[in-house]
Number of protein chains: 2
Amino acid sequence: MTENDKQTEEKIFESATDVFMAKGMDGARMQDIADHAGINKSLLHYYYRTKDHLFNAVFEKIAGQMFKKFAPVFDENLTLEEKIRFFYREHITFLQNNPRLPAFLLNELHRNPARIKKLIQGIDINKIWSTLEAQHKDDLIKYNITRETIPQLMTSIAAMSVFPFLAKPIIGSLMEKMGYDFDEYIEERKKYAADFVIKAMKK
Amino acid sequence: MTENDKQTEEKIFESATDVFMAKGMDGARMQDIADHAGINKSLLHYYYRTKDHLFNAVFEKIAGQMFKKFAPVFDENLTLEEKIRFFYREHITFLQNNPRLPAFLLNELHRNPARIKKLIQGIDINKIWSTLEAQHKDDLIKYNITRETIPQLMTSIAAMSVFPFLAKPIIGSLMEKMGYDFDEYIEERKKYAADFVIKAMKK
DNA sequence: TATACTTTTGACCAATTGGTTAAACTTTAT
DNA sequence: ATAAAGTTTAACCAATTGGTCAAAAGTATA
């Protein structure tokens with residue numbers, strides 16, 4: 001039945017996502033995924049031929065999500081500062097709901113570098129630069145942003161939101177030990193990161 | 001012979017470090033390590049009883065290195081700004097020589113959270129705070145650094161130097177595609193990160 | 001109801017892999 | 001030189017694991 005079909009196939013996909021996210025490709029076990037979904041292991045092979053296929057399906061979806069979140073910033077009609085604030089609000093909220101996503105993605109890209117090309121084919125820094133120039137010509141001068149410094153700036157912006165999630169094993173434990181609350185820290189970071197970057201950009 | 005002994009044991013340790021760093025505990029194979037060292041697989045068990053023991057030995061050494069590098073900053077008799085510049089020069093140079101270290105460490109801590117307690121037992125933010133207060137009382141006021149904001153500031157500082165190495169699979173490929181040079185970018189980051197943070201800290 | 005088709009299951013298989021063992025080889029000590 | 005001790009190796013073992021298969025169960029169609 002198509003109804004039950006979708007249910008099973010979807011259940012498998014969701015369980016696979018959970019297990020692969022938590023354990024990675026190498027650490028994940030097909031039996032784990034089956035148990036997690038409450039079904040027989042053979043069903044995994046019935047719907048997704050192999051572990052590689054299943055992992056592939058999960059990775060493709062996950063990878064897509066990550067970068068879709070960056071584009072809308074440029075669609076909004078906002079000042080550069082407002083765009084930065086907008087970005088951190090959206091991006092950190094997304095990471096709050098998908099805290100393991102960056103680590104999962106980077107681990108897999110390290111394990112299988114062949115994926116990278118396909119993943120970044122949609123990203124064109126020159127295009128981003130053109131868009132920025134068109135939308136914020138004076139801000140680029142005001143903030144001294146050039147083609148040479150844009151990698152430094154963009155990685156710094158990404159670092160501010162992504163790093164806390166990548167380093168959560170350490171940061172989270174350290175904060176717990178010291179009486180801070182990680183979730184609160186993340187919530188506050190939406191504003192802190194924006195303020196930090198905006199101040200840093202000023203000449 | 002003790003001479004040859006050390007050679008073999010050390011060769012195993014170095015090969016294990018390389019393979020574990022590259023593949024992680026789950027992805028690493030004992031046979032790989034043996035091949036890498038050019039010896040029989042049984043020797044791994046002769047010197048280090050099990051894979052876990054061997055991994056443990058590697059992890060302990062690696063983990064120790066990472067945090068030893070943070071302490072010397074406070075020993076130097078420098079202004080706060082000079083300390084930040086000193087830190088990034090030292091820390092990024094260290095990471096240039098050990099680019100996989102942060103990813104390795106964080107992956108293992110995620111896989112085995114029990115390690116974390118032991119690892120961070122030496123770190124005491126309150127102690128760091130006291131040291132900062134003693135050395136830079138006026139700077140803390142000048143830069144509006146308080147017990148509440150110190151996690152935000154410290155994670156931001158760490159993010160600036162560590163993130164490029166964690167995200168190297170993406171950043172490196174993206175830069176290659178766009179005609180930037182990753183190593184050059186890292187070298188420049190020693191100064192950029194310091195400038196960035198110092199500007200960001202100002203009220 | 002009978003038949004064809006799809007879905008699910010448990011038993012099973014072959015390959016991989018961490019680990020063991022006994023024998024061969026080296027080195028050291030007497 | 002010879003025995004004792006340490007080192008190295010190849011062959012082997014047992015457990016894990018991704019994957020297969022045929023039968024059973026369920027569903028749609030006639």
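Protein chains get the first letters and strands the later ones, always in sequence-line order, with residue 1 at the start of each.
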Sugar-phosphate, base or nothing in reach of A:Ala34, heavy atoms under 4.0 Å: nothing
Rounded interatomic separation in angstrom, taking CG from A:Asn40 and C1' from C:dG10: 7 Å
Aromatic ring pairing B:His91/B:Phe94, orientation class (parallel under 30°, perpendicular over 60°, tilted between): parallel
Within 45° cone of B:Phe165 ring axis and under 6.0 Å: B:Arg100 NZ or CZ: no
Between C1' of D:dG18 and CG of A:Leu43, the distance in whole Å: 15 Å
Distance in angstrom units between B:Lys23 NZ and C:dG18 C1', rounded: 16 Å
Atom-to-atom span, OH of B:Tyr46 to C1' of C:dT26 - whole angstrom: 11 Å
For atom CD1 of B:Ile12 and atom C1' of D:dT7, their distance in whole Å: 11 Å
Check: B:Ser42 side chain, C:dT20 base, donor-acceptor under 3.5 Å: yes
Between A:Lys190 and A:Thr93, a side-chain donor and acceptor under 3.5 Å: yes
A:Lys51 side chain, from C-beta outward: closest of D:dT17, D:dT8, D:dG19: D:dG19
Rounded distance (Å) that lies between atom P of C:dT21 and atom NZ of B:Lys41: 14 Å
Parallel, tilted or perpendicular: rings of B:Phe59 and B:Phe55 (30°, 60°): parallel
B:Arg29 side chain near C:dT16 phosphate (N/O to OP1/OP2, under 4.0 Å): no
d(CZ, B:Arg49; C1', C:dG19) in whole Å: 10 Å
Shortest side-chain distance from B:Ile39, nucleotide among C:dG18, D:dG19, D:dT9: D:dT9
Distance under 6.0 Å and angle within 45° of ring axis: A:Arg111 vs A:Phe20: no
Under 4.0 angstrom between B:Thr8 side-chain N/O and D:dT8 OP1 or OP2: yes
Rounded distance in Å - CG (B:Asp26) to C1' (C:dT16): 15 Å
